[in-house]
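Step one of this worksheet: look at the structure below.
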Amino acid sequence: MKSRFAPSPTGYLHIGGARTALFAWAWARKQQGQFVLRIEDTDRERSTQASVDAILDGMNWLGLAHDEGPFYQTDRFDRYKEIIQQLLNEDKAYYCECSKERLQILRDELTEKGEKAKYDGCCRDKNLSSGVVRFKNPLEGVVAFNDAVKGKISIANKELDDLIIARTDGTPTYNLTVVVDDYDMEIDTVIRGDDHINNTPRQINLYQALNWRLPEFAHLPMILGSDGARLSKRHGAVSVMAYRDEGFLPEALLNYLVRLGWSHGDQEIFTLAEIVELFELKNINKAPASFNQEKLIWLNQEYIKSADVEHLIKNLAWHLDHQQIDTSTGPALELVVEHLQERSKTLVEMAEGMKMFYQDFDEFNEKLAKKQFKDSQSIQLLMTKLNSLDDWVASNIKDQIKQVCEELDIGFGKIGQPFRLALSGNGNAGNIDIVAQLVGKDRTLARLQMALDYISQRSD
RNA sequence: GUCGCGUUCGUCUAGUCCGGCCCAGGACCCCAGGAUUUCAUCCUGGUAACAAGAGUUCAAAUCUCUUACGCGACGCCA
């Protein structure tokens, strides 16, 4: 069994494409079959190597490995030509010399009359020998197929026209290449977006003209933006790699994507292995789904919370580099990541939260400092106590804080809050004793001194 | 416009094939409590939907028809 993902390289890998790829990949894996990657680059005007690279990068980051390919349609022009010639020889296709202008006028006229704009078959019987090549679509009858997600679909042949299968320059067009490739590559299940659903009857006619067996079709509903319109740039990030940049874990994105239009009862969280094991085409929804960033964030957080520290560190590398955080000196990365795991929605957040352990800062958050840094006595006392601490571990630090509370007869928060701010600069810190331990003795004392300086400066 | 496809809480969805167990369940978001050294996490609870109408039936979210709305296709793009 084989399925495929066949993007055209006219841009980066976007969310919709990624989900299509995921479904095709999951189905192949589930069947213990092969997953084929094919680059549909017949449109040479718009296809770019940069896009090919971007798609490959995206697939790679997601971890959707292909078993065959990537195949490039531009490498297969001889094969397409052969098929086009065969169709011409068998009188199943013909040359057409209608100009683009004539076609445009024809379309305008038909649209005006309220009819479907389709080619009128003008050159069908002219026996021409140059121009574009058109496929002789059957005039009568109905094309019907059973879509694995949409169910029975049928359309009358008279709704279809004679589609162009080769351009004036001889290059083949999509509807021809996709049929030839899916046949040659022995694709059993064609999984693609339902924007292709209207092409399917034309392709089926092509299969039949060629006497080829039909694959199964599974048309996935589109992904919509929050406003119900087709997902596009104005809805925010649509590129898969933008989600890496924003701090998402690939498996979280995959989990989110698989639940967009597919479900297995009430289960929300799926490991990759579970997706493969449980995936069924029949559980795919017919209706389009809206992309909801909040749920993605929730999932991401769930994944971060339960991930292996090592795994997080691996995925964090890009962010540390990007945010220019040098972790070569300072506390062990593992400990910091572990501490941040429960409090980071994204890897970007986590990296930001790491800064206080590896970088010094010049000033405190002004608003918080004004509120928290008032009493120098308690800070002074805390400093003295911490300074004399030999074994710099969280439990001892905690004891010292408690002692300060007792001696001064104040609540934990009274000293805890200023301490927290002193350590972090912005108040974003978790367990104060652990944070202090990780920040280290020297830096902790230096920052408390900074707080003291701040207080004396203000009172001047 | 024509053709195709679709329509369950704000969002993702379960249930629809084989009508009753559904005055519709789960999750995100939101709200209220609780726990906690801030935040976060965690726990408990709550709000909220079968697009509309007609029909079949003892019984319809589930079957049939009509309407509305949405999306897609209608390219020498894919």
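A quick note: this is a predicted structure, and the numbers were derived from the prediction, not measured. Per chain, numbering begins at 1; letters A, B, ... match sequence-line order.
- Residues satisfying the side chain to side chain contact (heavy atoms under 4.5 Å, CB included) test with A:Asp375, not counting sequence neighbours, are A:Gln377, A:Ser378.
- Within the structure, the salt bridge (Lys or Arg N to Asp or Glu O under 4.0 Å) test picks out the following pairs touching residues 134-147 of chain A (sequence neighbours left out): A:Asp91-A:Lys136.
- Nucleic acid contact for A:Asn428: none, since no nucleic acid atom lies under 4.0 Å from a heavy atom of the residue.
- Here A:Lys282 lies out of heavy-atom contact (under 4.0 Å) with every strand.
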Cut-off 3.5 Å, no hydrogens considered: what does the side-chain donor-acceptor table look like for residues 406-414 of chain A, sequence neighbours left out?
unit_1	atom_1	unit_2	atom_2	d
A:Glu407	OE2	A:Lys385	NZ	2.9

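- Between A:His66 and A:Phe71, a ring centre-to-centre spacing not shorter than 6.0 Å is recorded.
- Nucleotide B:C3 forms a Watson-Crick or G-U wobble pair with B:G72, both donor-acceptor distances falling under 3.5 Å.
- Between B:C22 and B:C17, the distance separating the two P atoms is 16 Å to the nearest Å.
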Please set out all donor-acceptor pairs under 3.5 angstrom arising from side-chain atoms of residues 253-262 of chain A, sequence neighbours excluded.
unit_1	atom_1	unit_2	atom_2	d
A:Asn255	OD1	A:Phe270	N	2.8
A:Asn255	OD1	A:Tyr303	OH	2.5
A:Asn255	ND2	A:Glu268	O	2.9
A:Tyr256	OH	A:Asn292	N	2.7
A:Tyr256	OH	A:Asn292	O	3.4
A:Arg259	NE	A:Gln267	O	3.2
A:Arg259	NE	A:Glu268	OE1	3.3
A:Arg259	NH1	A:Trp262	O	3.0
A:Arg259	NH2	A:Glu268	OE2	3.4
A:Trp262	NE1	A:Glu280	O	3.3

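- Nucleotides B:U67 and B:G20 have their C1' atoms positioned 29 Å apart, rounded to a whole Å.
- In this structure, B:G45 forms a base pair with B:C31, meeting either the Watson-Crick or the G-U wobble geometry with both donor-acceptor distances under 3.5 Å.
- The residue A:Gly430 sits close to a base: some heavy atom pair falls under 4.0 Å.
- Annotation: side chain to side chain donor-acceptor pair (under 3.5 Å) contacts of A:Asn396 (sequence neighbours excluded): none.
- Among the atoms of the strands shown, none is found under 4.0 Å from any heavy atom of A:Thr111.
- Nearest-nucleotide mapping onto RNA chain B: of A:Ile164 and A:Ile153, the residue sitting toward the 5' end is A:Ile153.
- Across A:Tyr358 and A:Pro331, no two heavy atoms sit closer than the pair OH-O, 2.7 Å.
- Rounded to whole Å, the C1' atom of B:U57 lies 35 Å from the corresponding atom of B:U11.
- Among the protein residues, A:His196 comes within range of the nucleic acid bases, having at least one heavy atom under 4.0 Å from a base atom.
- Within a heavy-atom distance below 4.0 Å of RNA chain B, the residues of residues 138-152 of chain A found are A:Lys150, A:Lys152.
- Distance noted for atom P between B:U13 and B:G6: 15 Å (whole Å).
- Of the C1' atoms belonging to B:G10 and B:C3, the separation is 33 Å, rounded to the nearest Å.
- The partner of B:U66 is B:A52, by the rule that a Watson-Crick or G-U pair needs both atom distances under 3.5 Å.
- Within the nucleic acid shown, A:Gly411 has no heavy atom closer than 4.0 Å to any nucleic acid atom.
- Pairing of B:C17, defined by two Watson-Crick or G-U wobble distances under 3.5 Å, is not identified with any nucleotide.
- Under the 3.5 Å distance criterion, with hydrogens and angles disregarded, a donor-acceptor pair is assigned to the side chains of A:Asp169 and A:Thr171.
- Taking the nucleotide of RNA chain B with the nearest heavy atom to each of A:Trp298 and A:Leu260, the more 5' of the two is matched to A:Leu260.
- One finds the CG atom of A:Leu37 at 7.5 Å from the OH atom of A:Tyr72 (value rounded to the nearest 0.5 Å).
- Partner A:Gln400 forms a side-chain contact (heavy atoms from CB on, under 4.5 Å) with one of A:Lys402, A:Lys398, A:Gln403 and no other, that one being A:Gln403.
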Begin with the C-alpha distance, continue with both residues' side-chain angles, and end with the deciding distance and a verdict on salt bridge (Lys or Arg N to Asp or Glu O under 4.0 Å) for A:Asp161 and A:Arg202. CA-CA 9 Å; A:Asp161 63 1; A:Arg202 301 170 178 283; 3.1 Å; yes

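- Rounded to whole Å, the P atom of B:A48 lies 14 Å from the corresponding atom of B:C9.
- For residues 92-103 of chain A, the salt bridge (Lys or Arg N to Asp or Glu O under 4.0 Å) pairs, not counting sequence neighbours, are A:Glu90-A:Lys92, A:Arg102-A:Asp120.
- With both ends at atom P, the span from B:A54 to B:U62 equals 14 Å, rounded to whole Å.
- Comparing B:C69 with B:A52, their P atoms are spaced 15 Å from each other, to the whole Å.
- Within a heavy-atom distance below 4.0 Å of RNA chain B, the residues of residues 7-20 of chain A found are A:Ser8.
- The outermost nucleotides of RNA chain B lying under 4.0 Å from heavy atoms of chain A, listed 5' to 3', are B:G1 to B:A78.
- By the side chain to side chain contact (heavy atoms under 4.5 Å, CB included) test, A:Thr48 pairs with A:Ala50, A:Ser51, sequence neighbours left out.
- Nucleic acid contact class of A:Lys286 (heavy atoms, under 4.0 Å, all strands): sugar-phosphate only.
- As judged by a 4.0 angstrom heavy-atom cut-off over every strand, A:Arg46 is placed among the base-contacting residues.
- With rounding to the nearest 0.5 angstrom, the CD atom of A:Gln417 is 5.0 Å from the CD atom of A:Gln372.
- Within the nucleic acid shown, A:Thr171 has no heavy atom closer than 4.0 Å to any nucleic acid atom.
- A:Glu268 comes within contact range of at least one nucleobase, with a heavy-atom separation under 4.0 Å.
- The salt bridge (Lys or Arg N to Asp or Glu O under 4.0 Å) pairs that include a residue from residues 424-436 of chain A number zero, where partners must be two or more places apart or lie in different chains.
- For B:A78, there is no paired base (Watson-Crick or G-U wobble, both distances below 3.5 Å).
- The distance from atom NE2 of A:His311 to atom CG of A:Leu316, rounded to the nearest 0.5 Å, is 11.0 Å.
- Across residues 117-136 of chain A, A:Ala117, A:Val132 each have a non-hydrogen atom less than 4.0 Å from an atom of RNA chain B (numbered order).
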